[in-house]
Student: 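Could you have a look at this structure, given as structure tokens, before my questions?
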Amino acid sequence: MYVNYGAIKAIRGINIQVKEGSIVTLIGANGAGKTTTLRTISGLIKPASGKVIYCNEDITNLSADKIVQRGISQSPEGRLIFSNLTVLENLEMGAYTRKDKYKLKDDLEFIFHFFPRLKERLKQYGGTLSGGEQQMLAISRALMSKPKLLLLDEPSLGIAPLLVKTIFEQIVKLNRETGITVLIVEQNAYLALQNSNYGYVLETGELIIEGDAKELIQNEEVKKAYLGG
Ligand SMILES: Nc1ncnc2c1ncn2[C@@H]1O[C@H](COP(=O)(O)OP(=O)(O)O)[C@@H](O)[C@H]1O
Ligand SMILES: [Mg+2]
């Protein structure tokens with residue numbers, strides 16, 4: 001796939017596969033094209049060429065709303081929760097594309113199972129949560145659309161290490177218990193690879209290495225460039 005912003009060639013011929021039921025990580029430095037890749041899968045940007053195939057169907061030309069309805073949901077970089085809405089209202093926003101008569105109570109129970117902290121903060125305004133809590137809320141809001149594929153854009157960005165650990169543990173638990181497929185993009189390569197099945201390394205719009213996550217952690221090139229030697 002190729003993705004451009006006007007004259008800027010952000011993604012230059014990448015091919016990524018995310019196996020159903022797995023956790024896959026795309027690592028890369030700032031500006032490598034990680035967010036662009038996720039936004040293209042979500043239908044927010046259209047590629048210059050190439051396709052997004054999901055469950056054996058070409059979804060490249062579907063609108064972002066339709067793609068959410070098909071079961072792909074994204075937690076955006078920088079969280080982008082609504083500061084002036086409560087935690088509960090933020091969660092309700094995540095369910096807006098659902099066609100089924102969703103049961104708010106069941107959905108909330110599902111979310112509290114993974115992020116119990118949000119339960120105590122339902123009436124609190126989004127803007128008053130800590131960075132880590134906002135990240136939990138952003139992931140939970142994405143879960144409210146009942147996705148089969150969850151896209152997470154830098155869940156560790158700007159968050160205290162202890163909460164980052166908790167968030168990754170819950171992502172793994174979510175995957176194990178529900179079978180939701182997860183594609184994570186991260187600059188925190190070690191943490192992401194440790195919690196994934198497979199990984200890709202993106203450098204200025206191109207894939208340079210891919211492999212089983214455990215192998216990538218041992219890879220000399222990856223160690224030198226992304227794992228601090
Ligand atoms: N809206 C935009 N308009 C023009 N260039 C953009 C836009 N968004 C991203 N880019 C450029 O595309 C490249 C990839 O950006 P991005 O996907 O955000 O990288 P990452 O998420 O890995 O930091 C960068 O060179 C960035 O400057
Ligand atoms: Mg980004």
Side-chain angles (χ1 to χ4, degrees), residues 1-18 23-52 54 59-61 63-65 67-68 72-82 131-132 134-142 147 149-161 163-164 167-168 171 181-196 198-211 213 216-217 219 221-228:
M1 158 186 330
Y2 291 77
V3 187
N4 303 333
Y5 296 102
I8 297 168
K9 297 184 176 4
I11 296 296
R12 302 183 275 181
I14 69 168
N15 185 1
I16 296 177
Q17 283 192 40
V18 180
I23 302 181
V24 174
T25 288
L26 182 61
I27 61 177
N30 206 5
K34 302 182 300 298
T35 297
T36 302
T37 303
L38 290 193
R39 289 173 61 84
T40 307
I41 298 170
S42 297
L44 296 164
I45 312 173
K46 297 300 172 187
S49 67
K51 288 176 186 166
V52 181
Y54 169 69
I59 60 164
T60 320
N61 295 315
S63 68
D65 272 10
I67 290 174
V68 174
I72 300 179
S73 187
Q74 183 174 348
S75 173
E77 182 179 335
R79 311 184 280 268
L80 305 182
I81 57 150
F82 301 100
Q134 288 188 12
Q135 185 58 250
M136 292 176 186
L137 178 56
I139 296 170
S140 298
R141 185 182 57 186
L149 170 61
L150 181 65
L151 308 175
L152 302 176
D153 197 342
E154 303 214 36
S156 79
L157 196 68
I159 293 176
L163 276 186
V164 169
I167 288 170
F168 270 86
I171 293 168
T181 308
V182 187
L183 174 58
I184 307 173
V185 310
E186 263 295 346
Q187 288 188 54
N188 190 335
Y190 186 68
L191 189 73
L193 289 173
Q194 251 188 335
N195 291 293
S196 298
Y198 202 81
Y200 293 91
V201 180
L202 188 63
E203 216 170 83
T204 52
E206 290 174 298
L207 291 176
I208 55 160
I209 309 168
E210 67 171 271
L216 285 192
I217 292 177
N219 181 298
E221 216 178 322
V222 174
K223 271 192 196 167
K224 224 190 274 165
Y226 299 97
L227 305 174

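Side-chain atoms are counted along with the backbone in the values below, which use heavy atoms only and exclude waters and symmetry mates. Keep in mind that this is a model prediction, so the values were computed, not measured. One-based numbering, in listed order, for ligands and for the atoms of each.
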Student: Does Y54 have more than 12 heavy atoms from other residues, nucleotides or ligands lying within 6.0 Å of its OH?
Tutor: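 Yes.
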Student: Which residue pairs pass the side chain to side chain donor-acceptor pair (under 3.5 Å) test with at least one member in residues 37-51, sequence neighbours excluded?
Tutor: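 Found S42-Q74.
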Student: Is it true that the side chains of S156 and E186 contain a donor and an acceptor less than 3.5 Å apart?
Tutor: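 Per modelled atom types, S156 and E186 side chains form a pair under 3.5 Å.
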Student: Run the numbers for me: atoms of ligand 1, each under 4.0 Å from some heavy atom of N30, listed by number.
Tutor: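 Those qualifying, in numeric order: 23 (O).
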Student: Looking at CD1 of I171 and CG of L152, how far apart are the two atoms once the value is rounded to the nearest 0.5 Å?
Tutor: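 Between I171 CD1 and L152 CG, I get 5.0 Å after rounding to 0.5 Å.
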Student: Would K34 and E77 pass as an ion pair if we require N to O under 4.0 Å?
Tutor: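 No.
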Student: Counting only heavy atoms, which portion of I8 has something under 4.0 Å from ligand 1: side chain, backbone, both, or neither?
Tutor: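 Side chain only.
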Student: Does ligand 1 have an atom that lies less than 4.0 angstrom from a heavy atom of A29?
Tutor: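 Distance cut 4.0 Å: A29 passes for ligand 1.
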Student: Drop me the distance from N195's CG to I167's CD1, to the nearest 0.5 angstrom.
Tutor: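 So the gap between those two atoms works out to 12.0 Å.
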Student: For A138, what residues pass the side chain to side chain contact (heavy atoms under 4.5 Å, CB included) criterion, not counting sequence neighbours?
Tutor: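 Side chain to side chain contact (heavy atoms under 4.5 Å, CB included) list for A138, sorted by chain: S75, R79, I81, Q135.
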Student: For atom 4 (C) of ligand 1, which protein heavy atom lies nearest, and how many Å away is it?
Tutor: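 Of every protein heavy atom, Y5 CB, 3.4 Å lies nearest to atom 4 (C) of ligand 1.
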Student: As a test of the contact definition, would atom 26 (C) of ligand 1 count as having a protein heavy-atom neighbour under 4.0 Å?
Tutor: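 Looking at atom 26 (C) of ligand 1, one finds that no protein heavy atom lies closer than 4.0 Å.
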Student: How far is atom 14 (C) of ligand 1 from the closest protein heavy atom, and which atom is that?
Tutor: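 Minimum-distance protein heavy atom for atom 14 (C) of ligand 1 reads G31 O, 3.4 Å.
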Student: Heavy atoms of the protein only: does one fall short of 4.0 Å from atom 10 (N) of ligand 1?
Tutor: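 Neighbour list for atom 10 (N) of ligand 1 includes protein heavy atoms (cut-off 4.0 Å).
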Student: Under 3.5 Å, is there a donor-acceptor pair between the side chain of S73 and the main chain of V68?
Tutor: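 No: the side chain of S73 does not pair with the backbone of V68.
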Student: Quick one: give me the number of protein N/O/S atoms under 2.8 Å from the Mg ion (ligand 2).
Tutor: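 Excluding waters, the total comes to 2.
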Student: Do any N/O atoms on A10 end up under 3.5 angstrom from N/O atoms on ligand 1?
Tutor: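 The answer is no, given that A10 and ligand 1 share no N or O pair closer than 3.5 Å.
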Student: Who are the side chain to side chain contact (heavy atoms under 4.5 Å, CB included) partners of E203, not counting sequence neighbours?
Tutor: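 Applying side chain to side chain contact (heavy atoms under 4.5 Å, CB included) to E203 gives I208, Y226.
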Student: Give a yes or no on this: more than 12 heavy atoms of other residues, nucleotides or ligands lie within 6.0 Å of atom CD of Q194.
Tutor: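 More than 12 within 6.0 Å, yes.
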Student: How far is atom 18 (O) of ligand 1 from its nearest protein heavy atom, and which residue and atom is that?
Tutor: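 I find the closest protein heavy atom is T35 CB, 3.7 Å.
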Student: Are any of the side-chain heavy atoms of I184 and P155 separated by less than 4.5 Å?
Tutor: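 Yes, close enough: below the 4.5 Å cut-off.
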Student: Nearest protein heavy-atom contact for atom 17 (O) of ligand 1: which residue, which atom, what distance?
Tutor: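 Nearest protein contact, heavy atoms only, for atom 17 (O) of ligand 1 is T36 OG1, 2.5 Å.
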Student: When you measure from the side chain of Y200 to the backbone of V24, do you find a donor-acceptor pair of N or O atoms at a distance under 3.5 Å?
Tutor: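 Absent.
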Student: Using heavy-atom distances only, which candidate in G33, G28, G6 approaches atom 19 (O) of ligand 1 most closely?
Tutor: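 Nearest heavy atom to atom 19 (O) of ligand 1 lies in G33.
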Student: Would you say E154 and ligand 1 have an N/O pair spaced under 3.5 Å apart?
Tutor: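 N/O-N/O distance under 3.5 Å: no.
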